[in-house]
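Just below is one structure, and these are the notes that go with it.
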Amino acid sequence: MLQGFIVISENLPYILGGIWVTLTVVVGALIMGLSLGLVLSVAQVYGSRVVRRTVGVYVWFFRGIPLLVLLFLFYFGILANLQIELSPFIVSIIVLGLISSAYQSQIIRGAILSLPEGQLKAARSIGMSDSKAIVFVILPQAIRLSIPGWTNEYTIILKDSAVTYALGVTEILARSRHVAERTYQHFWIYILAGCIFLLLTYVGTKLFQILEEKVRTPGYTQ
Amino acid sequence: MADQTPVLRIQNIKKSYGDNKVLKGVSLELNRGGIKVVIGPSGGGKSTLLHCINFLVGLDEGRIYLNGKEIIHNRKRELTAYRQKVGMIFQDFNLFDHLNALHNVLIGPVRVKKLPKSEARERAVAELERVGLRDHMTKYPAELSGGQKQRVSIARALAMDPEVMLLDEPTSALDPELIGEVHEVIRDLASGGMTMLLVTHEVGFASSLADEIFFMEDGKIVEQGPPQKILFNAECDRTREFCAKIGRLHNNSS
Ligand SMILES: Nc1ncnc2c1ncn2[C@@H]1O[C@H](COP(=O)(O)OP(=O)(O)O)[C@@H](O)[C@H]1O
Ligand SMILES: [Mg+2]
């Protein structure tokens, strides 16, 4: 056990350095997922039949295939065939971002559909075009309602990001494994890795709660 | 009277939901400064009529003219320009829940009319003042009473410089003690010469304001005429029956 602590303290900076890699992947994927998810949700709620179908297929695709399969497909399959060179790090952000956009589009779509019909009618009644109504009236409200869903999405992406170690991204798990194989202190090292993930989950969830409180409309309880 | 063209003319509007024929050919005209009131039993199609006039509900048939010019509603620009000219007041207010009173009124002038911020703000403040809400501008809808909400929604419509206002039971969602403040605002609009089409069951209010009352039932205007005649001396049995009923309710509650 003493040996375990020695190994941990010697390798702590290296493993903790993985936090930044993990967080960059997670935050990058969440932001990409949000931007795409917004467009997809609006397309799915307000788009024509064809557009709605297309979004449906997109969501089905990215929610239905395991992350690892998608990572390999993009990195070794698609990008290699197109002879596009991207680092595993970038590919991970993109793939996680695409998956997250599928989930986030459904979170936002649910929020849009939960708004009273009168909001769109009122916006139209003062002469707003539908696109203005969506940008200035519908989405600001839908986004607020989506925050609890994002908290959940953050914790899922955070955990999923560990899988990117399979492409060689030097995030928390990759670094831990590296140390564990070298020192044979598997137990303590993976306990440490687990604790780091728990801590990140905790801090992230708290931050989302603060955000939710910050943007809450006064007097509005939901 | 220089201009005799009706501000708003609607001709033979029909609307069905599936097999349910909600509007069976409704026509009416609003002259400048005129105030027409629509009464009639629940489910008779009054709200649908008002929503159709603003194309918030698509019509199956019928034509709508603003100042003599027919509105082609699938030309987007024409439609949004028309809707600015036709203010709509909803039974349940439909304020933008994420914006405070000031921004509810401001959003139209800024985003639709594209007025400069400062000018739009002055305008919005003036409209809120007009409906007596100067001291409540920074409150959010959830912090306002029903009467205040409805007054904000009137200010929001007025900020677009409408030529006509459509009001769908503006006080029916309000507690009795809050009805007066909204009626007062509507009365001010009337004395300012606003053209209005008002759905209401407040008999006293309607008869003091309207120059004509329509009795609507089952998707049709059954009878129309001056308030005294429709409310107290209608020709049609159904109209008489209905007016007696709402008259009684009104007397009992006041
Ligand atoms: N969106 C809708 N879908 C289906 N039926 C509707 C819809 N809106 C109104 N209706 C029907 O149209 C009829 C008239 O409703 P409405 O215009 O609200 O009447 P009123 O305002 O006179 O009470 C009712 O039978 C109602 O059920
Ligand atoms: Mg109604």
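Hydrogens, waters and symmetry mates play no part in the numbers below; they use all other heavy atoms, side chains included. Here is how names work: the chains are called A, B, and so on, in the same order as the sequence lines, proteins then strands, and each is numbered from 1.
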Exercise for the section: Let me know if B:Leu95 has heavy atoms under 4.5 Å from chain A in its side chain, its backbone, both or neither. Expected result: backbone
Handout entry: Segment of B:Val86 engaging chain A (4.5 angstrom heavy-atom cut-off)
Key =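 Just its backbone gets close to chain A.
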Problem - Atom pair OG (A:Ser129) and CG (B:Leu79), whose distance is rounded to the nearest 0.5 Å - result: 10.0 Å
Exercise for the section: Grab the two heavy atoms, one from A:Ala122 and one from B:Phe96, that are nearest each other, plus how far apart they are. Expected result: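 Heavy-atom minimum between the residues: CB-CE2, 3.9 Å.
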Exercise for the section: Of all the heavy-atom pairs spanning A:Pro218 and B:Glu143, show the shortest one and how long it is. Expected result: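 Taking A:Pro218 first and B:Glu143 second, the nearest heavy atoms are CB-OE2, 3.5 Å.
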Can you give me every donor-acceptor pair (side chain of residues 162-171 of chain B, partner residue at least two apart or in another chain, under 3.5 Å) with its distance?
{"unit_1": "B:Glu163", "atom_1": "OE1", "unit_2": "B:Arg32", "atom_2": "NH2", "d": "3.3"}
{"unit_1": "B:Glu163", "atom_1": "OE1", "unit_2": "B:Asn67", "atom_2": "ND2", "d": "3.0"}
{"unit_1": "B:Asp168", "atom_1": "OD1", "unit_2": "B:Ser47", "atom_2": "OG", "d": "3.3"}
{"unit_1": "B:Asp168", "atom_1": "OD2", "unit_2": "B:Ser47", "atom_2": "OG", "d": "2.8"}
{"unit_1": "B:Glu169", "atom_1": "OE1", "unit_2": "B:Ser172", "atom_2": "OG", "d": "3.3"}

Exercise for the section: Check whether any side-chain heavy atom of B:Asn94 sits under 4.5 Å from a side-chain heavy atom of A:Pro116, and report yes or no. Expected result: no
Problem - Close side-chain approach of A:Ile126 and B:Ile107, heavy atoms under 4.5 Å - result: yes
Exercise for the section: Please list, chain by chain and in numerical order, all residues satisfying ring-ring contact (aromatic ring centres under 6.0 Å, His included) with B:His51, sequence neighbours excluded. Expected result: B:Phe90
Would you indicate whether [X], at its atom [atom1], is surrounded by more than 12 heavy atoms from other residues, nucleotides or ligands within a distance under 6.0 Å?
X	atom1	value
B:Glu184	CD	no
A:Arg63	CZ	yes
A:Tyr202	OH	no
B:Glu177	CD	yes
B:Lys21	NZ	no

Problem - Donor-acceptor contact present, side-chain B:His98 to main-chain A:Ala142, <3.5 Å - result: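 Between the backbone of A:Ala142 and the side chain of B:His98 there is no qualifying donor-acceptor contact (under 3.5 Å).
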Fill in the blank from the handout: Greatest number of non-hydrogen atom pairs under 4.5 angstrom with chain B, of A:Lys132, A:Met128, A:Lys121, falls to A:Lys121
